Amino acid sequence: MRKITTYALLASLALLGFSCSKEDNLDKEIVGLGGEKWVKNEIDNYIYQTFTVPYNIDVLYRWTPSEVSFVNNLVPPQEDKIRPVMEMVREGWIEPYIDVVGADFIKKFAPRQYLLVGSPEYNTSGTITLGTAEAGAKIVLYRVNWFDLKDRDLVQAMLKTIHHEFAHILHQTVMYPREFEAITPADYTSTWNQVNVTDARNKGFISSYAMSAPDEDFVEIAAIMLTQGYRPFENIISSISNADGVQKIRQKQQIVLNYFRQTWNINLYDLQAKTEAAINKLSPPPSAFERLGFGRSNTVLFTSVTTDETNWSAKFRETFQKASSSLGTLGNAGRYLEDLNVIHYQQGKMMLRLKYRNPSNPTSVFNADFRFDYTEDTANKSNTFTYVGTSTDLNSTAGGNANTIRPYVVELLNYFDGQTFRYSWSDDGAYPTDYSKMIRQDDQTNYIYGLLKNTY
């Protein structure tokens with residue numbers, strides 16, 4: 001890479017030497033030293049009226065090499081991305097703060113400049129710089145050319161960068177309590193990029209990058225709270241297996257909450273609700289229907305007596321329990337249903353896999369596969385299932401088991417046969433989550449609750 005750069009430079013110098021042998025007109029202005037004349041366009045007028053006049057924020061988007069790194073290769077922003085990105089900044093950062101603490105707060109503490117860069121900044125360490133804040137005066141926002149409101153993950157990531165950098169500006173103005181650093185003092189590391197997020201959280205950090213320094217740890221909690229939303233943030237905490245890690249993150253979170261309230265008179269939960277609503281408006285989350293199905297992110301809805309029964313609707317629970325009790329009469333062996341998988345294994349093909357146990361063989365799980373066709377209504381985001389019969393499509397043994405137990409689980413098969421289901425997220429529509437509901441269209445109180453998976 002270094003050689004290629006060197007040869008290109010020598011070639012450029014050779015060309016320059018050749019061109020200088022001619023008589024050049026040197027009596028002209030030099031670009032960057034007063035020689036460039038820009039005619040204001042609609043973007044400039046939009047920036048001036050939307051950011052400069054009300055908040056004294058300037059937005060630099062025309063390429064000025066001196067404003068960015070000389071070390072890394074960077075790409076200028078595309079002009080058609082400027083306004084959409086800055087609308088996101090206004091709706092996802094400025095307006096939530098104004099709603100909670102007032103416009104004067106933004107006028108006083110907002111950075112004076114935003115610098116937009118088309119690409120990420122790739123570092124030799126293998127990390128990627130997504131944003132920087134320079135002494136509270138300028139925020140550099142990268143990846144502008146990638147921007148697409150349909151890409152919710154990117155919208156959240158870009159707003160997280162902004163909230164992260166703005167939280168730096170706040171603590172550089174008034175420092176957070178030093179007790180924050182004492183919670184995990186020995187675990188900050190310059191090699192944070194070699195720690196996966198699960199291990200970081202088990203150690204008491206909300207992200208891997210939070211391990212890089214106390215300041216980063218502090219602002220990561222604020223930024224992730226603000227851009228994930230209340231329920232998804234709580235889902236992150238509940239997914240951490242190490243109780244000590246959870247306790248340390250909660251200690252840090254409380255200091256962050258107290259800091260925002262006591263220092264800036266900001267209820268961070270109120271601000272979180274505003275930013276979550278703004279993100280959902282900017283980039284609506286995908287529906288559960290769009291996530292579950294053949295060729296989609298998840299192909300299986302899995303539900304289990306041991307983990308999910310408390311979240312089942314009363315009507316589905318009754319159906320499942322009746323089928324399980326009926327199965328117990330098969331040979332008077334006391335067999336019982338344990339799990340259920342709705343498997344979208346081909347377009348228009350669904351396998352209902354019932355998993356059951358026999359008390360005489362408690363360590364073994366038996367599968368029984370029943371095949372359904374389904375028609376997909378993308379306009380109404382629903383599926384209608386039609387029972388086809390027992391099947392050996394996915395497993396010959398499971399097909400044989402299905403033939404054996406079918407007379408005992410007819411009621412459960414009828415729960416799907418000829419019925420239309422729509423899909424929703426589990427926690428009152430909250431997203432992201434790994435849990436979904438299949439709701440009977442004929443009765444909104446009748447639904448299955450389960451985990452989205454790709455294995456069965």
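Heavy-atom basis, side chains included; hydrogens, waters and symmetry copies ignored. Since the structure is predicted, the reported quantities are computational estimates derived from the model, not experimental observations.
T386 and D373 are not linked by any side-chain donor-acceptor pair at a separation below 3.5 angstrom, with hydrogens and angles left out of the test. In this model, a donor atom of one side chain and an acceptor atom of the other lie less than 3.5 Å apart for N446 and Y415. Inspection of the D443 and T445 side chains reveals an N or O donor paired with an N or O acceptor under 3.5 Å. With 3.5 Å as the limit, one finds no donor-acceptor pair spanning the side chains of R250 and Q247. Residues T184 and K252 have side chains that bring a donor and an acceptor to within less than 3.5 angstrom of each other. For the residue pair Q441/R422, the side-chain donor-acceptor check at 3.5 Å is not satisfied. Between the side chains of E87 and Y46, a donor-acceptor pair is found at a separation under 3.5 Å. Using a 3.5 Å distance cut-off with no hydrogens or angles, the side chains of E290 and S287 do pair a donor with an acceptor. Looking at N280 and E276, their side chains never bring a donor and an acceptor atom within 3.5 Å of each other.
Here the shortest heavy-atom pairing between L154 and F147 reads CD2-CA, 3.7 Å. Pairing each heavy atom of Y423 with each of N383, the nearest pair is OH-ND2, 2.9 Å. Contact record, S241 with N202: OG-OD1, 3.4 Å, taken as the closest heavy-atom pair. Minimum heavy-atom separation, L149 to L282: CD2-O, 3.7 Å. Of all heavy-atom pairs spanning R152 and S283, the tightest one is NH1-O, 2.7 Å. Looking at every heavy atom in both residues, I139 comes nearest to I162 through CD1-O, 4.4 Å.
With hydrogens and angles disregarded, no donor-acceptor distance shorter than 3.5 Å links the side chain of S119 to the backbone of L74. Not a single donor-acceptor pair under 3.5 Å links the side chain of W146 to the backbone N or O of P120. Between the side chain of N145 and the main chain of P76, a donor-acceptor pair closer than 3.5 Å is present. Counting only distance, with no hydrogens or angles, the side chain of N454 and the backbone of T299 share a donor-acceptor pair below 3.5 Å. A donor-acceptor pair is defined here as one N or O able to donate and one able to accept, closer than 3.5 Å; such a pair exists between the side chain of R112 and the backbone of A110. Of the possible donor and acceptor atoms, one in the side chain of T52 sits under 3.5 Å from a partner among the backbone N and O of I57.
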With ring-ring contact (aromatic ring centres under 6.0 Å, His included) as the criterion, how do Y114 and Y61 come out once you've worked through the C-alpha distance, each side chain's angles and the decisive distance to 0.1 Å?
CA-CA 8 Å; Y114 266 86; Y61 69 93; over 10 Å; no
Tell me, with the steps shown, if H168 and F218 meet ring-ring contact (aromatic ring centres under 6.0 Å, His included).
CA-CA 9 Å; H168 274 312; F218 182 87; 9.0 Å; no
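Comment: D442 engages R440 in a salt bridge, judged by a side-chain N to carboxylate O separation of less than 4.0 angstrom. Between K160 and E220 there is a salt bridge, with a side-chain nitrogen of the basic residue lying less than 4.0 Å from a carboxylate oxygen of the acidic one. Salt bridge status for R261 with D270: absent, with no side-chain N to carboxylate O gap under 4.0 Å. Under a 4.0 Å N-O distance rule, the pair D377/K381 does not qualify as a salt bridge.
Using a 4.5 Å cut-off on side-chain heavy atoms (C-beta onward), F421 and I439 make no contact. Between E216 and F205 the shortest side-chain heavy-atom distance does not fall below 4.5 Å. Counting heavy atoms from C-beta on, the side chains of H164 and Y209 come closer than 4.5 Å. Between R201 and I236 there is a side-chain heavy-atom pair separated by less than 4.5 Å. Within the 4.5 Å cutoff, the side chain of L60 has heavy atoms near those of the Q113 side chain. Between D153 and D151 there is a side-chain heavy-atom pair separated by less than 4.5 Å. Looking at heavy atoms from C-beta onward, K437 lies out of side-chain contact with F316 at the 4.5 angstrom threshold. Annotation: side chain of I279 is in contact with side chain of L159 (closest heavy-atom distance under 4.5 Å).
For the pairing with S436, the side-chain contact (heavy atoms from CB on, under 4.5 Å) check across L452, L451, T303, I448 returns one residue only, L452.
Summarising the local packing, CD of Q347 is surrounded by more than 12 heavy atoms from other residues, nucleotides or ligands at distances under 6.0 Å. Within 6.0 Å of the NZ atom in K274, the count of heavy atoms belonging to other residues, nucleotides or ligands does not exceed 12. Applying the 6.0 Å contact sphere to NZ of K355 captures more than 12 heavy atoms from other residues, nucleotides or ligands. Environment of NZ in K315: crowded, with over 12 heavy atoms of neighbouring residues, nucleotides or ligands closer than 6.0 Å.
The distance from the CE atom of M350 to the CG atom of N341 is 10.5 Å, given to the nearest 0.5 Å. Distance CD1/I47 to CG/D58: 7.0 Å, rounded to 0.5 Å. Of the inter-residue distances, the one linking M225 atom CE with I206 atom CD1 reads 9.5 Å to the nearest 0.5 angstrom.
In this structure, W312 and F320 have tilted ring planes: the angle between them lies in the 30° to 60° band. Between H163 and Y97, the ring planes lie parallel to each other; the angle is under 30°, not in the 30° to 60° tilted range.
Between H171 and Y259, the distance separating the two ring centers is not shorter than 6.0 angstrom. Here the two rings, on F166 and W93, have centers that are under 6.0 Å apart.
Remark: R296 qualifies as a cation-pi partner of F289 under the 6.0 Å distance and 45° angle criteria applied to the six-membered ring. For the pair K40 and Y48, the distance from NZ or CZ to the six-membered ring centre is under 6.0 Å and the angle to the ring normal is within 45 degrees.
Residues satisfying the side chain to side chain donor-acceptor pair (under 3.5 Å) criterion with D215, sequence neighbours excluded, are Y176. Scored by the side chain to side chain donor-acceptor pair (under 3.5 Å) test, N196 finds D199 as partners (sequence neighbours excluded).
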